[in-house]
Protein chains: 2
Amino acid sequence: MASFTEENYLKAIYFLSRTQSAGVSTNSIAHRLDTKASSVTDMLKKLSAKKWINYQKYQGVTLTTSGQRTALLIIRKHRLWEVFMVEKLNFKWDEVHEIAEQLEHVDSTELVDRLEEFLEYPKFDPHGDPIPDREGNVFHHKDLSLADLTTGESGVVVGVKDSSSAFLQHLESMGLVLGCPVTVKATYAYDKSMLISIKHKKTHTVSVQVSRNLYIKKHLDQ
Amino acid sequence: MASFTEENYLKAIYFLSRTQSAGVSTNSIAHRLDTKASSVTDMLKKLSAKKWINYQKYQGVTLTTSGQRTALLIIRKHRLWEVFMVEKLNFKWDEVHEIAEQLEHVDSTELVDRLEEFLEYPKFDPHGDPIPDREGNVFHHKDLSLADLTTGESGVVVGVKDSSSAFLQHLESMGLVLGCPVTVKATYAYDKSMLISIKHKKTHTVSVQVSRNLYIKKHLDQ
DNA sequence: AAATATTTTTAGTCTAATCTAAAAATTAGA
DNA sequence: TCTAATTTTTAGATTAGACTAAAAATATTT
Ligand SMILES: [Mn+2]
Ligand SMILES: [Mn+2]
Ligand SMILES: [Mn+2]
Ligand SMILES: [Mn+2]
């Protein structure tokens, strides 16, 4: 059994290895968990002893199959609880992440599986992230960001890379929610900002910080 | 903010002071939390420093107003989560206590209050225990056990003193559930066992361990 | 009222997780 | 390539919570 802290390390390593192609560095983990590199080294030895990571001094780490499964089952819980809070308790999508950070550590397979059934097997959480199944399998198809579109191209918002309240509230103020159809009207090389139009709604100029954090599915299928 | 461990100590002291009239002893806390008396003494000093208990060496402890409120807000969460699991996730009443022991430590007033609303403000948990309100106020009206009834008297089961799976499953095997109308047919002085009849159902002989752990409301009101 | 038994507290250790400071290894660059 | 900067690891301390063993206080018997 993983402790609360070990679970957070496994999750951090999982997310970092999805953006970094090579092994995850000690420093990047320390930065993400807001702790010191020396603390991370200590923990890496423990996680390695428990066969959750492949660790060799100075070489960075990768998750073992068992470690990845453990991480994905925590993420499964996190996302199901987020769906519960938004769908059943009427929370807004920018209010649930912090609470889910606590709920994800509640240890009961029975509880999660029944929660999933109660929620009628949702495929995605309120931020468009896919929900892993009971075995820890998950499919990602969010490789395209708004920043990757060129002038004239259209798509629909399918997810957010940044789930912070600040970002989500900013999106909401522009009416940019999941499922929202958008078209790129112009791109400005100077600061990489974009002029976009939201179907049947307003036109906005969005910064590169916004466009890089919005996942898009191209070729509107409606 | 109370730590996970501190919360469990406050809850233990709360329950112990409901059965013991005087201050709660170090040993009784140690026994309930399955730990050593020396560990309890250490923790009592911390709880006292945080003004949650009144502690004087060798004198036993009582909760302060703040300590009692803290304990009751944890119990509120515990019982609301139990209702959620039984009412919405189709758990049985003997399956939810252990999971609620974890969920009760999730820290979010917003979450608990919205959960309470979602559950339509239940007054009692699946074991007949009252649910404290947002301020930590609660009313108990379960002072009478089946063991207190005499031959010929009737009542209805309103709660259980022991919430262990073993006891709840035993009750269920006899059809003795909440709201069940019972009549005492005979009492046997030898071992204090009782012959009881369950309305429209069977007749059973119950031991004193059972009768003392069943709360009854006398004078059937149907 | 002593003597004995029980309860509670203290003293000293241990483990998990953290930290700072210093040493070692790796990477970058002149 | 060899020196300098950066990253990572080690060494040694700290804190929360728990433990054992022993001392001190309280309670119970004779
Ligand atoms: Mn989240
Ligand atoms: Mn999410
Ligand atoms: Mn319970
Ligand atoms: Mn209960």
Side-chain angles (χ1 to χ4, degrees), chain A residues 1-14 16-17 19-63 67 70-71 74 101-102 104-105 107, chain B residues 1-14 16-17 19-63 67 70-71 74 101-102 104-105 107:
Chain A
M1 255 296 299
S3 71
F4 194 100
T5 308
E6 288 168 341
E7 292 191 343
N8 284 336
Y9 270 89
L10 290 176
K11 239 185 0 148
I13 296 167
Y14 174 81
L16 289 168
S17 48
T19 46
Q20 295 170 201
S21 52
V24 174
S25 74
T26 301
N27 255 2
S28 63
I29 298 169
H31 188 258
R32 182 173 240 268
L33 294 178
D34 197 27
T35 186
K36 303 292 170 180
S38 55
S39 307
V40 174
T41 301
D42 280 352
M43 182 56 81
L44 294 183
K45 290 173 186 169
K46 288 180 208 165
L47 297 178
S48 178
K50 294 190 175 186
K51 314 273 189 203
W52 282 319
I53 60 171
N54 306 113
Y55 171 59
Q56 276 171 220
K57 274 191 189 180
Y58 295 101
Q59 298 316 124
V61 295
T62 54
L63 290 174
T70 304
I74 302 161
E101 286 291 308
Q102 295 184 63
E104 73 188 5
H105 300 291
D107 177 40
Chain B
M1 254 295 298
S3 71
F4 195 100
T5 309
E6 287 168 341
E7 291 192 341
N8 284 335
Y9 271 89
L10 290 176
K11 241 187 355 151
I13 296 167
Y14 173 81
L16 289 168
S17 47
T19 47
Q20 295 170 201
S21 52
V24 174
S25 72
T26 301
N27 254 1
S28 63
I29 299 170
H31 188 257
R32 182 174 240 269
L33 294 178
D34 197 27
T35 185
K36 302 292 169 180
S38 54
S39 307
V40 174
T41 301
D42 280 352
M43 182 55 82
L44 294 183
K45 290 173 186 170
K46 287 180 208 163
L47 297 178
S48 178
K50 294 190 175 186
K51 312 273 189 203
W52 281 319
I53 61 171
N54 305 113
Y55 171 60
Q56 277 171 220
K57 274 191 190 180
Y58 296 100
Q59 297 316 124
V61 296
T62 53
L63 290 174
T70 304
I74 301 160
E101 286 291 309
Q102 294 184 64
E104 73 188 6
H105 299 291
D107 176 40

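So you know, we letter chains A, B, ... as the sequences are listed, proteins then strands, and number each from 1.
- When DNA chain C is scanned 5' to 3' for any atom under 4.0 Å from a heavy atom of chain B, the first and last hits are C:dT7 to C:dT10.
- Applying the salt bridge (charged side-chain N to carboxylate O under 4.0 Å, His left out) criterion to B:E7, with sequence neighbours excluded, gives no partner residue.
- B:T26 comes within 4.0 angstrom of the backbone, heavy atoms only, and of no base.
- Residues forming a ring-ring contact (aromatic ring centres under 6.0 Å, His included) with B:Y58 (at least two apart in sequence, or on another chain): none.
- Considering CD1 of B:I29 and CG of B:N8, their distance stands at 12.5 Å, rounded to 0.5 Å.
- Within the structure, salt bridge (charged side-chain N to carboxylate O under 4.0 Å, His left out) contacts touching residues 26-39 of chain A (residues at least two apart or in different chains) do not occur.
- Nearest heavy-atom pair, B:L63 versus B:A71, reported as atom, atom and distance to 0.1 Å: CD1-CB, 4.4 Å.
- Legend: residues meeting side chain to side chain donor-acceptor pair (under 3.5 Å) with A:S39, ordered by chain and number and at least two apart, are absent.
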Report all interatomic pairs (protein N or O, nucleotide N or O of nucleotides 15-18 of chain D) with separations under 3.5 Å.
residue	atom	partner	partner atom	Å
D:dG17	OP1	B:S3	OG	2.7
D:dG17	OP2	B:K46	NZ	3.2
D:dA18	OP2	B:Y9	OH	3.4

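- In this structure A:S25 satisfies the side chain to side chain donor-acceptor pair (under 3.5 Å) test together with A:S28, sequence neighbours excluded.
- For the segment residues 52-61 of chain A, the set of residues with a heavy atom within less than 4.0 Å of an atom of DNA chain D comprises A:Y55, A:K57, A:Y58, in numerical order.
- Residue pairs meeting the salt bridge (charged side-chain N to carboxylate O under 4.0 Å, His left out) criterion with at least one partner in residues 39-58 of chain B, sequence neighbours excluded, are B:E6-B:K50.
- By the side chain to side chain donor-acceptor pair (under 3.5 Å) test, B:Y55 is found to be paired with no residue, residues two or more places apart in sequence or in another chain being considered.
- Take A:T62 and apply the side chain to side chain donor-acceptor pair (under 3.5 Å) test, not counting sequence neighbours, and it matches A:N54.
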